[in-house]
Amino acid sequence: MSSQSFRDFADRLVGQEVEVVTNNGTYTGTLEYVGGDSIILRTRIRGRAVRLAIRIALIIALFSLLTGRRFTF
């Protein structure tokens, strides 16, 4: 699947709770932004609210926690 179809899928999830599986770990939070090469996820790390930028090239899968829909590379 192409990165464009990933961006189309991810754009529909902005504002929703998602789970992002990457080469470096799994993150859960609210998807805030989808850009050309990265996404912004609002999450908590060690109890602190943070905005986490994740490069699309590192993403293995993106899951909607609300609907269960998913996108995998």
Side-chain angles (χ1 to χ4, degrees):
M1 295 187 190
S2 73
S3 62
Q4 181 60 43
S5 59
F6 171 82
R7 284 192 294 272
D8 292 340
F9 175 79
D11 276 335
R12 291 190 296 270
L13 299 180
V14 170
Q16 294 185 27
E17 292 294 310
V18 298
E19 181 174 86
V20 183
V21 180
T22 72
N23 295 342
N24 299 322
T26 300
Y27 305 94
T28 303
T30 303
L31 183 61
E32 288 193 336
Y33 172 79
V34 178
D37 65 347
S38 63
I39 64 170
I40 304 293
L41 185 70
R42 188 175 64 233
T43 188
R44 291 197 162 293
I45 296 179
R46 291 184 217 133
R48 298 187 79 175
V50 297
R51 284 192 173 97
L52 184 63
I54 303 172
R55 291 184 49 105
I56 291 173
L58 299 177
I59 296 174
I60 297 169
L62 175 66
F63 298 90
S64 167
L65 296 179
L66 180 64
T67 65
R69 293 181 56 189
R70 65 186 168 101
F71 186 98
T72 57
F73 284 97

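Of the inter-residue distances, the one linking I56 atom CD1 with T22 atom OG1 reads 13.0 Å to the nearest 0.5 angstrom. Separating the CD1 atom in I60 from the OG1 atom in T72 is a distance of 10.0 Å, to the nearest 0.5 Å.
Within the structure, ring pair (Phe, Tyr, Trp, His ring centres under 6.0 Å) contacts touching residues 18-70 (residues at least two apart or in different chains) do not occur. Among residue pairs with one or both ends in residues 55-73, none qualify as salt bridge (charged side-chain N to carboxylate O under 4.0 Å, His left out); sequence neighbours excluded. Residue pairs that meet the ring pair (Phe, Tyr, Trp, His ring centres under 6.0 Å) test with at least one member in residues 7-26, sequence neighbours left out, are F9-F71. For residues 17-28, no pair satisfies salt bridge (charged side-chain N to carboxylate O under 4.0 Å, His left out), with sequence neighbours left out.
In this structure, F73 is a member of the same hydrophobic cluster as L31, with clusters built from ILVMFWY side-chain heavy atoms closer than 4.5 Å. Put simply, V18 and V14 are part of the same group of oily side chains (I, L, V, M, F, W, Y) that touch within less than 4.5 Å, one to the next.
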Which pairs would a plain distance check flag for residues 34-47, meaning a side-chain donor or acceptor within less than 3.5 Å of a matching protein atom at least two apart in sequence or in another chain?
from, atom 1, to, atom 2, distance (Å)
R42, NH1, E32, OE2, 2.6
T43, OG1, T28, O, 2.5
R44, NH1, G47, O, 3.0

